[in-house]
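Residue numbers start at 1 and run along the sequence shown. Keep in mind it's a predicted model, so treat the numbers as computed, not measured.
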Amino acid sequence: AGWIHSQIVSEEGAVREIVQLVFDSEPDVQLAVTQILSGLCVAPHTRAAVVEAQCISFLIPLLFDDQRKSEEVQYAAGSALLQLAAGAMTRARVFNADRLELDNAVSPDKQDKIISGIVNGGAIGPLVHKVNSGKSGKLRSISIEILRVISEDTSQKRKTRLNLCKLNAAEALGNVLKDDVRVVETYTKHDQGWEIEKFNRVPLQVVKELHQAIRTLTNVLDFPEASKDPTSEETQFTGCIQIAKSGGLKSLLTLAFLPFTV
């Protein structure tokens with residue numbers, strides 16, 4: 001974020017006033033506001049101002065499908081939430097457009113509040129819905145990445161991984177694996193076997209999405225509550241069944257037996 005963004009956050013209450021315009025009936029205004037918030041979430045000092053203004057509660061409703069919200073608005077809202085979540089999770093790495101790793105934006109106590117705001121604020125449902133929509137593209141990809149970041153959360157209080165499993169994240173990710181592995185096969189497989197030299201033709205977005213989906217799935221099915229609570233154990237078992245039924249298990253086996261590394 002540059003000088004203009006710094007000027008915005010230097011004015012007390014300015015970010016809060018800006019975010020109120022998110023619900024403007026004019027699509028162009030709505031898009032401009034969400035893009036401003038996304039831009040403010042890039043640098044640590046401006047990201048902290050977004051947190052202080054409690055903008056998470058305004059961003060989450062923008063993830064829900066609505067004829068009044070364009071895909072661009074949803075993507076900008078998702079981008080802002082991704083930067084906020086990544087800044088709050090020390091184990092999760094996210095890079096900006098210049099491939100520079102983002103620093104933590106806020107103090108540890110506020111980092112915890114950010115993850116709670118995202119998880120308890122209802123973001124998981126619409127994110128899983130977008131991942132499971134069957135529609136590939138940047139909106140699905142960023143939804144997967146947000147789920148990957150918050151799936152790093154192991155708080156016993158929030159039980160994020162358990163909630164992801166309950167909200168059918170395993171099924172959604174299994175469908176993504178099936179879709180993306182099918183693309184990989186289209187580019188590299190023929191009747192006589194695999195053509196390793198053609199793997200570099202697979203779209204980079206597909207390769208990145210596969211990587212993010214597998215990492216998320218690994219986290220989603222690994223929650224400590226399952227070994228202590230029969231209900232949680234049943235949820236974990238259901239997640240495993242969902243992966244198998246969605247075609248995700250077959251896709252994982254296909255990837256495991258590839259004659260090259262994805």
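Using a distance-only test at 3.5 Å, with no hydrogens or angles considered, no donor-acceptor pair links the side chain of Asn132 to the main chain of Val128. Within the 3.5 Å criterion, the main-chain N or O of Gln35 finds no donor-acceptor partner in the side chain of Ser38. Side chain of Arg158 to main chain of Asp112: a donor-acceptor pair is present (N/O by atom type, distance under 3.5 Å, no hydrogens or angles). A donor-acceptor pair under 3.5 Å is formed between the side chain of Thr186 and the backbone N or O of Arg182. The backbone N or O of Leu139 sits less than 3.5 Å from a side-chain atom of Ser143, completing a donor-acceptor pair.
Annotation: side chain of Glu152 is in contact with side chain of Arg215 (closest heavy-atom distance under 4.5 Å).
Looking at every heavy atom in both residues, Leu249 comes nearest to Ala244 through CB-CA, 3.9 Å. Nearest approach of Ser151 to Leu164, heavy atoms of both residues: CB-CD1, 3.7 Å. Pairing each heavy atom of Arg47 with each of Gln83, the nearest pair is CD-O, 3.8 Å. Contact between Ala85 and Ile118 at its shortest, heavy atoms only, is CB-CD1, 3.8 Å.
The hydrophobic clustering, which links ILVMFWY residues whose side-chain heavy atoms are closer than 4.5 Å, places Leu62 and Val29 together. In the hydrophobic cluster analysis, where Ile, Leu, Val, Met, Phe, Trp and Tyr join through side-chain heavy atoms closer than 4.5 angstrom, Ile243 is grouped apart from Phe237.
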Legend entry - Glu145 vs Arg148, salt bridge (charged side-chain N to carboxylate O under 4.0 Å, His left out): CA-CA, chis, key distance, verdict: CA-CA 5 Å; Glu145 189 165 6; Arg148 191 269 300 173; 3.6 Å; yes
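Exactly one of Val176, Leu177, Val184 qualifies for a side chain to side chain contact (heavy atoms under 4.5 Å, CB included) with Asp180. That residue is Val176.
One finds the CD atom of Gln54 at 12.5 Å from the CG atom of Leu59 (value rounded to the nearest 0.5 Å).
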